[in-house]
Asks: 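Quick one: structure below, then a few questions.
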Number of protein chains: 2
Amino acid sequence: MTELTVGELARRTGVAASALRYWDTVGLLPATRVSGQRRYPESAVALVGAILLLRDAGFSLEEQKALAAARPADPGEWRRLARRKQAELDDQIATAQAARDALDHALRCGHPDVHDCPTFRAIAAARLSGKPLREAHTHH
Amino acid sequence: MTELTVGELARRTGVAASALRYWDTVGLLPATRVSGQRRYPESAVALVGAILLLRDAGFSLEEQKALAAARPADPGEWRRLARRKQAELDDQIATAQAARDALDHALRCGHPDVHDCPTFRAIAAARLSGKPLREAHTHH
DNA sequence: CAACCCCTTCACGTAGGCTTGAAGGCAAGA
DNA sequence: TCTTGCCTTCAAGCCTACGTGAAGGGGTTG
């Protein structure tokens with residue numbers, strides 16, 4: 001009754017059914033079975049929301065699995081993971097902000113070609129001796 | 001003299017030579033040839049800095065090619081692209097900030113299990129009716 | 001001449017998170 | 001019974017931005 005099929009959950013969340021099946025097979029969002037078919041409780045809708053939120057936060061599916069496993073069992077570990085990711089998010093925000101500011105300057109400074117703008121050049125040059133950041137993102 | 005080989009440019013910028021060759025083959029950072037070998041002007045160092053910066057900004061290599069093509073030829077188009085990406089960055093920052101705040105709340109609110117926290121549930125629920133954002137990122 | 005070092009191309013591998021297609025099952029309605 | 005519609009599995013493909021390894025060229029030094 002209150003059980004949803006993949007298709008219904010897909011419709012309610014906007015997540016493709018194929019993705020939900022994938023999440024089931026990798027163990028991120030397990031489903032029960034009724035005569036071979038996946039069934040999800042109503043509460044799965046909220047779970048999907050949380051998954052999307054954490055995905056936006058930059059948690060990979062593997063990380064989310066680790067998080068989900070640690071959540072009820074080991075609150076200390078959960079907090080540790082959360083804090084680590086929070087730091088990553090701070091880096092990410094700072095970098096995005098820097099890039100945004102660089103674009104902002106390029107749009108405002110009036111130079112017809114950005115590469116003629118000394119400020120832009122300075123920011124770009126700083127990037128060469130700066131933090132890689134992509135490695136933090138590429139890292140698994 | 002002032003011409004650099006891939007290896008030298010790699011050393012000066014910290015970017016792998018294989019990556020620089022790749023950037024050449026896809027047309028992002030073209031090199032001239034001297035008896036078959038790639039040669040880059042000194043100014044390429046600054047270009048690499050700009051490429052890294054824009055990459056951080058979320059420009060894909062394809063987007064950067066479009067950007068580079070529009071830069072000297074069509075400043076209006078350049079500004080259009082820059083503004084569009086700026087808007088994307090704003091979205092990205094807002095989302096990252098929301099995720100960060102959600103984690104922050106989860107860490108502070110004292111609920112042993114985040115899913116018991118009504119605030120967290122509300123944020124996650126909001127994500128379901130929010131902007132996909134991933135589509136903007138998946139789009140080319 | 002050989003050693004060395006850097007360069008070349010080409011093809012394939014990798015990772016993450018799915019999507020797509022083929023081939024088929026099961027239950028309700030006409 | 002046949003059709004409709006939603007479900008299943010499995011294999012393979014896709015996308016980005018490279019990394020890797022093989023096989024070979026070329027120039028300088030000892």
Side-chain angles (χ1 to χ4, degrees), chain A residues 1 3-40 44 48 51-68 85 88 132-140, chain B residues 1 3-40 44 48 51-68 85 88 132-140:
Chain A
M1 197 62 195
E3 298 253 86
L4 308 171
T5 63
V6 264
E8 284 163 341
L9 185 55
R11 255 166 264 132
R12 293 216 195 172
T13 60
V15 174
S18 60
L20 294 174
R21 284 190 204 103
Y22 178 70
W23 291 359
D24 178 24
T25 64
V26 299
L28 178 61
L29 184 65
T32 57
R33 299 299 179 117
V34 168
S35 69
Q37 299 197 354
R38 288 173 183 81
R39 289 300 140 90
Y40 300 87
V48 169
I51 289 173
L52 293 179
L53 179 66
L54 294 179
R55 190 185 65 177
D56 288 350
F59 283 90
S60 71
L61 298 195
E62 276 308 309
E63 284 174 322
Q64 289 207 40
K65 275 176 62 179
L67 211 62
K85 186 57 74 175
E88 276 179 42
L133 174 77
R134 278 288 157 174
E135 297 196 332
H137 200 269
T138 299
H139 132 285
H140 48 277
Chain B
M1 195 65 196
E3 298 253 84
L4 308 172
T5 65
V6 266
E8 284 164 339
L9 186 55
R11 256 167 264 132
R12 292 215 195 172
T13 59
V15 174
S18 60
L20 294 174
R21 283 190 206 101
Y22 177 70
W23 292 358
D24 178 24
T25 64
V26 300
L28 178 60
L29 184 65
T32 57
R33 299 301 178 113
V34 169
S35 70
Q37 299 196 357
R38 288 173 182 81
R39 288 301 140 89
Y40 300 87
V48 169
I51 289 174
L52 293 178
L53 179 67
L54 295 179
R55 190 185 65 178
D56 289 349
F59 283 92
S60 71
L61 297 196
E62 276 307 309
E63 284 174 322
Q64 290 207 40
K65 276 176 62 180
L67 211 63
K85 186 55 73 172
E88 275 180 43
L133 176 76
R134 279 288 158 172
E135 298 197 332
H137 200 269
T138 298
H139 131 286
H140 48 282

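Naming: A, B, ... by sequence-line order, numbering from 1 per chain.
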Asks: Over all strands shown, is B:A17 touching base, sugar-phosphate only, or nothing at heavy-atom distances under 4.0 angstrom?
Replies: nothing

Asks: For D:dC6, does OP1 or OP2 lie under 4.0 Å from any side-chain N or O of A:R11?
Replies: no

Asks: Please determine, for the side chain of B:V6, which listed nucleotide (D:dG19, C:dC7, D:dC18) has the closest atom?
Replies: C:dC7

Asks: For B:T5, is there any backbone N or O sitting under 3.5 Å from a side-chain donor or acceptor partner on B:E8?
Replies: yes

Asks: For B:Q64 and B:I51, indicate whether the former's side chain and the latter's backbone hold a donor-acceptor pair under 3.5 Å.
Replies: yes

Asks: Between B:F59 and B:Q37, which has a closest nucleotide on DNA chain D that is more 5'?
Replies: B:F59

Asks: Specify the residue among A:Y22 and A:S35 whose closest nucleotide of DNA chain C lies further upstream toward the 5′ end.
Replies: A:Y22

Asks: For the pair made of CG in A:L4 and C1' in D:dC6, what is the distance, rounded to whole Å?
Replies: 14 Å

Asks: What integer distance in Å separates A:W23:CH2 from C:dC18:P?
Replies: 6 Å

Asks: To the nearest 0.5 Å, what is the distance between CG (A:D24) and OH (A:Y40)?
Replies: 4.5 Å

Asks: Quick check for you: to the nearest 0.5 Å, what is the distance between B:R38 atom CZ and B:L20 atom CG?
Replies: 9.0 Å

Asks: For A:Y40 and D:dC6, give me the distance from atom OH to atom P, rounded to whole Å.
Replies: 17 Å

Asks: Between atom CD in A:E3 and atom C1' in D:dC6, what is the gap in whole Å?
Replies: 17 Å

Asks: Calculate the interatomic distance between B:R33 atom CZ and C:dC7 atom C1'; express it in whole Å.
Replies: 10 Å

Asks: Can you tell me the distance, in whole Å, between the CD atom of B:E62 and the P atom of D:dA17?
Replies: 8 Å

Asks: Could you give the CG-to-C1' distance, from A:L20 to C:dT20, as a whole number of Å?
Replies: 16 Å

Asks: Under 3.5 Å, side chain of B:K85 to main-chain N/O of B:G58, donor-acceptor pair present?
Replies: yes

Asks: The side chain of B:L61 is closest to which nucleotide in this list: C:dG17, D:dC18, C:dT19?
Replies: D:dC18

Asks: Counting only side-chain nitrogens and oxygens, does B:R21 get under 4.0 Å of the OP1 or OP2 atom of D:dT20?
Replies: no

Asks: OP1, OP2 of C:dT9 versus side-chain N and O of B:R38: anything below 4.0 Å?
Replies: yes

Asks: Which is true for B:V26 with a 4.0 Å heavy-atom rule: it touches a base, it touches only sugar-phosphate, or it touches nothing?
Replies: nothing

Asks: Taking atom P of D:dC7 as reference, at what distance in whole Å does atom CG of A:D24 sit?
Replies: 14 Å

Asks: Measuring to OP1 and OP2 of D:dC7, would you say a side-chain N or O of A:T5 lies under 4.0 angstrom away?
Replies: yes

Asks: Look at A:R55 and C:dC18 and indicate whether a side-chain polar atom (N or O) is within less than 4.0 Å of OP1 or OP2.
Replies: yes

